[in-house]
Structure formats: structure tokens, C-alpha cells
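First comes the structure, then the notes that go with it.
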Amino acid sequence: MDLLATLEGHENEVKSVAWSHTGRLLATCSRDKTVWIWTRTDDQQDFECVAVLSGHSQDVKNVAWHPHRDELVSCSYDDTVRTWVEEPSTPDEWSCAECLEGHGATVWMAAFEKSPPSTASSSGAEQGTENPRLATCGDDYNIRIWKYHKLPTDTGPSEESRRWEGDMA
């Protein structure tokens, strides 16, 4: 293999790295309590940081991308998992969509469920592939399995908000 690029910017040890499902984005996290999102430059030879995400109060240990959407999760020493999404109206603007609590100690890692083979409904739409479960493990000796729910918002029936619910395994 040939080295293509070296990405610099974090102020402390980098703990994890993950590509998005499209390969367009790369996420990194660090002991500096931040998550960085990188994209390739126009010449495709280098990368630039498009967002620095702050929200964790302690070291960030792991990042993982949703297998179908540009949605990122991060795990931390602060005992939480945060979900991050790009603002639809403002490209390269990211925000914390949800903070998942439930672990009683450091959350070490998160992994999305692999999608089952797609099955087509009578309308031709694929079933069961958009909302895989999320598994997290922590220093509290627990594994939590989270399920994504769409909930109606107060702004109208056509808009929905995110919500992850978890169980201990």
C-alpha cells in the first residue's frame, strides 16, 4: 500500500476512524473531546476538515457511521453515545441530534447491525434496511441494543423527530 495522506488537527491522541457508507466522509475522534469530519478535496488527493463536533465532556473513544445515512454516532468516557447529523439546509453544518444515556461508565464502542437481505414490498419499496439496530458496549459490563423510532413532532404530521430507545443485553 502507498500512503496517500496524513490528516492533522486533533490536539491529542486519535482513538478511532470510520468511513461513511458512501466513502465521501471520514470521521475521527480523539482524547481532545472532539469528533472531526473530513472530506476529500476537489483534486481527490487530500482531505479537509469540514466540521469539528463538540458535545462530549470527556475523551471520545469510538465513531461509527449509520450504514445507509450520513448519521454518525460517537462514544465517550462521559458514559454517553451521541448521534450527529448534517443540517439539511446547511451543508457541512453538523449538530447533535440525540444524546443516548444508560451506560453507567465509559462507552467503548458502537456498531450498527448489518442490513438483512432486502425484501421488496408490494409497492416495490425495500423493507427493513433503513433503521438497523445499534449496539453499544461499556465499562459497566453491559451491552445495550438501541432501536430507532420515528416520532411525530409538534410542527405537523409530516415532520418527524429521531428517538433511540435502548435495552440492556
Side-chain angles (χ1 to χ4, degrees), residues 7 9-10 14-42 47-103 106-116 118 125-138 143-167:
L7 309 183
H10 281 288
V14 178
K15 303 299 280 184
S16 179
V17 60
W19 290 103
S20 67
H21 72 285
T22 62
R24 182 179 72 88
L25 301 171
L26 182 70
T28 59
C29 66
S30 170
R31 291 187 67 186
D32 64 11
K33 305 175 190 174
T34 64
V35 174
W36 289 40
I37 298 178
W38 307 81
T39 189
R40 280 183 271 169
T41 57
D42 291 336
F47 291 80
E48 66 180 345
C49 179
V50 294
V52 176
L53 311 178
S54 300
H56 286 290
S57 62
Q58 299 293 322
D59 301 5
V60 185
K61 304 305 291 177
N62 177 254
V63 287
W65 288 97
H66 188 284
H68 308 293
R69 297 190 292 264
D70 284 343
E71 181 175 350
L72 180 69
V73 296
S74 58
C75 306
S76 173
Y77 265 118
D78 66 10
D79 310 345
T80 67
V81 176
R82 291 185 179 267
T83 65
W84 305 91
V85 294
E86 189 172 23
E87 295 295 329
S89 60
T90 315
D92 296 333
E93 284 288 323
W94 290 74
S95 64
C96 181
E98 196 162 0
C99 181
L100 309 180
E101 298 178 335
H103 281 283
T106 299
V107 185
W108 293 112
M109 186 171 274
F112 281 97
E113 174 181 29
K114 298 250 188 259
S115 294
S118 63
E126 289 186 4
Q127 299 286 322
T129 60
E130 285 301 311
N131 295 308
R133 292 172 291 189
L134 175 68
T136 58
C137 61
I143 298 144
R144 291 193 174 270
I145 309 297
W146 305 85
K147 183 178 177 185
Y148 181 80
H149 294 278
K150 290 182 179 179
L151 301 173
T153 64
D154 294 335
T155 57
S158 65
E159 295 187 28
E160 297 173 332
S161 66
R162 309 171 194 289
R163 181 166 175 218
W164 287 90
E165 290 182 352
D167 275 325

Which residues share a salt bridge (charged side-chain N to carboxylate O under 4.0 Å, His left out) with Asp70, sequence neighbours left out: Arg24
By salt bridge (charged side-chain N to carboxylate O under 4.0 Å, His left out) - contacts of Arg31 (at least two apart):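 Testing Arg31 for salt bridge (charged side-chain N to carboxylate O under 4.0 Å, His left out), a comparison that skips the adjacent residues, returns Glu13, Asp59.
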Closer than 3.5 angstrom, by distance alone: can the side chain of Asn62 be matched with the main-chain N or O of Ala110 as a donor-acceptor pair? yes
Tell me whether Arg144 contacts the main-chain N or O of Leu134 through its side chain, where contact means a donor paired with an acceptor under 3.5 Å.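 Here the side-chain-to-backbone pair does not exist.
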I need the [X] [atom1] to [Y] [atom2] distance, nearest 0.5 Å.
X	Y	atom1	atom2	answer
Ile145	Thr136	CD1	OG1	7.0 Å
Tyr148	His66	OH	NE2	7.5 Å
Asp78	Glu101	CG	CD	8.5 Å
Leu53	Cys96	CG	SG	9.0 Å
Glu86	Ser20	CD	OG	10.0 Å
His103	Cys75	NE2	SG	7.5 Å

Can you find a pair of side-chain heavy atoms, one from [X] and one from [Y], that are under 4.5 Å apart?
X	Y	value
Thr34	Val60	no
Val35	Val52	no
Pro132	His68	yes
Trp38	Leu25	no

Provide the closest heavy-atom pair for [X] versus [Y] in the form atom of the first, atom of the second, distance.
X	Y	answer
Ala27	Val63	O-CG2, 3.8 Å
Trp84	Ser74	NE1-OG, 2.8 Å
Trp36	Cys49	CE3-SG, 3.4 Å

Of Val85, Ile37, Thr83, which is the lone residue that meets side-chain contact (heavy atoms from CB on, under 4.5 Å) with Leu72?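 Checked Val85, Ile37, Thr83 against Leu72; only one passes side-chain contact (heavy atoms from CB on, under 4.5 Å): Ile37.
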Compute the centroid of each ring, for Tyr77 and then for Trp108, and state whether the two points are separated by less than 6.0 Å. yes
So, applying side chain to side chain donor-acceptor pair (under 3.5 Å) with Asp32, which one of His56, His10, Lys15 is it? His10
When the ring planes of Trp94 and Trp65 are compared, do they come out parallel, tilted or perpendicular, using 30° and 60° as the limits? perpendicular
Walk me through it: do Thr39 and Phe47 pass the test side-chain contact (heavy atoms from CB on, under 4.5 Å)? CA-CA 5 Å; Thr39 189; Phe47 291 80; 6.0 Å; no
State whether a side-chain donor-acceptor pair under 3.5 Å links Glu87 with Ser95.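 Looking only at side-chain atoms, Ser95 and Glu87 do form a donor-acceptor pair, the distance falling under 3.5 Å.
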Could you tell me which residues satisfy side chain to side chain donor-acceptor pair (under 3.5 Å) with Thr106, sequence neighbours excluded, listed by chain and number? none
